[in-house]
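Data block below; observations after.
In the text below, chain A, chain B and the rest are named by the order of the sequence lines, each starting its count at 1. Note that these values count all heavy atoms, side chains included, but never hydrogens, waters or copies made by symmetry.
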There are 2 protein chains.
Amino acid sequence: MSDHDELIHSLRARGHRLTPQRRLVLEALQHGDHHMSADEIAQTIIAHYPSISVDPATIYRTLRWLRDVDLVSETSLGQNHMVYALLGSDDHHHLVCEGCSGVIEIDPSILDPVRQELKARYGFAARLAHISIFGLCARCQIGEHEG
Amino acid sequence: MSDHDELIHSLRARGHRLTPQRRLVLEALQHGDHHMSADEIAQTIIAHYPSISVDPATIYRTLRWLRDVDLVSETSLGQNHMVYALLGSDDHHHLVCEGCSGVIEIDPSILDPVRQELKARYGFAARLAHISIFGLCARCQIGEHEG
DNA sequence: TCTCTATCTGCAAACAGTTGCACATGTATT
DNA sequence: AATACATGTGCAACTGTTTGCAGATAGAGA
């Protein structure tokens with residue numbers, strides 16, 4: 001059984017269903033290789049299947065579900081909306097500059113010691129996937145005091 | 001000149017104004033010793049000054065301003081609203097359990113190495129005040145696979 | 001004290017995202 | 001293939017928060 005089949009089976013065993021709407025959202029996330037907003041996912045579905053419409057509420061519910069079963073990350077990049085990405089490859093974190101809105105992608109291993117310490121000290125299993133750390137990039141720190 | 005006066009002066013010099021509405025929001029934050037939502041701040045203002053009303057938009061704008069000048073933290077604790085707190089004393093971070101919605105407050109120094117590494121490696125000045133780390137607490141990890 | 005203007009406020013409209021409810025459907029069982 | 005019911009969907013209403021705009025005002029300077 002492939003990883004994919006095994007995953008589906010495991011989800012079904014827990015009472016989850018693989019509906020057409022959920023397949024469409026997953027397919028959209030696979031097509032867009034970057035982080036996508038809920039609206040971009042909706043647009044992608046419309047572009048590929050003009051005759052099908054998926055309710056926004058369903059897209060949001062599907063994304064929350066995918067996040068809860070650890071298949072998708074949900075990240076704020078300082079915009080007015082969340083962005084979503086399939087987990088498992090190309091994992092990274094984001095440094096989001098509050099001055100210029102720039103985003104630096106960084107290696108996820110920088111948070112490994114924190115994850116380990118939280119587990120050891122508090123028994124807490126942190127979910128730290130595609131998170132954002134806000135602050136000021138090197139360039140924007142220079143003019144900070146005139147702001 | 002006191003720290004407070006110096007702060008006010010510094011803000012004024014940068015074109016910021018200390019309006020009655022901003023004073024009221026600050027006063028509300030000083031009264032509530034925990035994290036407060038925008039609505040709790042509005043209620044506090046009404047309770048203390050029943051004849052004065054401050055528009056919700058103004059409260060949100062004031063909170064964003066206070067956050068931008070590093071006087072206040074803005075944190076999601078997994079609820080449907082943000083919470084705000086004055087910075088400077090009682091600093092900590094939060095472990096938010098996505099199973100039981102519990103919040104564990106932890107010592108902020110756990111992120112110091114990360115902050116230092118981000119500065120050294122990327123020149124990035126991270127703002128890591130009263131942040132939330134989401135995940136599962138020890139108890140909620142036990143029944144995870146039946147979810 | 002008065003003037004001036006960039007900043008701030010209130011209002012209303014907009015936005016991203018969530019929720020309640022009635023109906024629809026995926027899937028386990030037979 | 002038919003049944004049965006828990007789970008999922010669409011719709012509409014709602015939440016928390018942001019934004020555009022016109023009028024108000026804090027605070028610098030005369």
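Side chain of A/H81, nearest nucleotide from C/dA12, C/dG17, D/dG10: C/dG17.
Taking the six-membered ring wherever Trp is involved, the centroid distance between the rings of A/H92 and A/H130 falls below 6.0 Å.
Rounded to whole angstrom, the span from the CG atom of A/D39 across to the C1' atom of C/dA14 amounts to 15 Å. Atoms CG (B/L24) and C1' (C/dG10) sit 15 Å apart, rounded to a whole Å. Rounded to a whole Å, the CH2 atom of B/W65 is 16 Å from the P atom of D/dT18. When the P atom of D/dA6 is taken as reference, atom CZ of A/R12 falls 19 Å away, rounded to whole Å. Whole-Å rounding puts the B/E74 CD to D/dG16 C1' distance at 12 Å. Rounded to whole angstrom, the span from the CG atom of A/L77 across to the P atom of C/dA16 amounts to 15 Å. Spacing between atom NE2 of B/H16 and atom C1' of C/dT9 amounts to 17 Å, rounded to whole angstrom units. With rounding to whole Å, B/L11 atom CG is found 14 Å from C/dT7 atom C1'.
Looking only at distances, a side-chain donor or acceptor of A/T19 sits under 3.5 Å from a matching main-chain atom of A/R22. One N or O on the side chain of A/S132 and one on the backbone of A/S76 form a donor-acceptor pair closer than 3.5 Å. In this structure a side-chain-to-backbone donor-acceptor pair under 3.5 Å is present from B/Q141 to A/G123.
Considering only side-chain N and O atoms, B/Y60 lies nowhere under 4.0 angstrom from the phosphate OP1 or OP2 of D/dT18. Distances shorter than 4.0 Å separate none of the side-chain N or O atoms of B/R17 from OP1 or OP2 on C/dT7. In this model, the phosphate group of D/dG10 is approached by a side-chain N or O of A/T58 to a distance below 4.0 Å at OP1 or OP2. Remark: B/Q21 is not in phosphate contact with D/dA26, judged by side-chain N or O atoms under 4.0 Å from OP1 or OP2. Contact check, B/Q79 against D/dT15: no side-chain N or O comes under 4.0 Å of OP1 or OP2. Under 4.0 angstrom from either OP1 or OP2 of C/dC8 there lies at least one side-chain N or O belonging to B/R22.
Checked by distance alone, B/R61 brings a side-chain donor or acceptor within 3.5 Å of a matching partner on the base of C/dG10. Below the 3.5 angstrom threshold, one finds no donor paired with an acceptor across the side chain of A/R23 and the base of D/dG8.
Nearest-nucleotide mapping onto DNA chain D: of A/S53 and B/N80, the residue sitting toward the 5' end is A/S53. Along DNA chain C, the nucleotide closest to A/R67 and the one closest to B/T19 are compared, and the more 5′ of them pairs with B/T19. With DNA chain D read from its 5' end, the first of the two nearest nucleotides for B/L18 and B/Y84 is the one closest to B/Y84. Mapping B/G15 and A/P20 onto DNA chain C by nearest heavy atom places B/G15 at the nucleotide closer to the 5' end.
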Evaluate side chain to side chain contact (heavy atoms under 4.5 Å, CB included) for B/I131 paired with A/I133, printing each intermediate quantity in order. CA-CA 10 Å; B/I131 70 160; A/I133 296 175; over 6 Å; no

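Among B/E40, B/E74, B/H94, the single residue meeting the side chain to side chain donor-acceptor pair (under 3.5 Å) criterion with B/H35 is B/H94.
Residue-level contact check: B/R64 touches the backbone only, with heavy atoms under 4.0 Å from sugar-phosphate atoms and none from bases.
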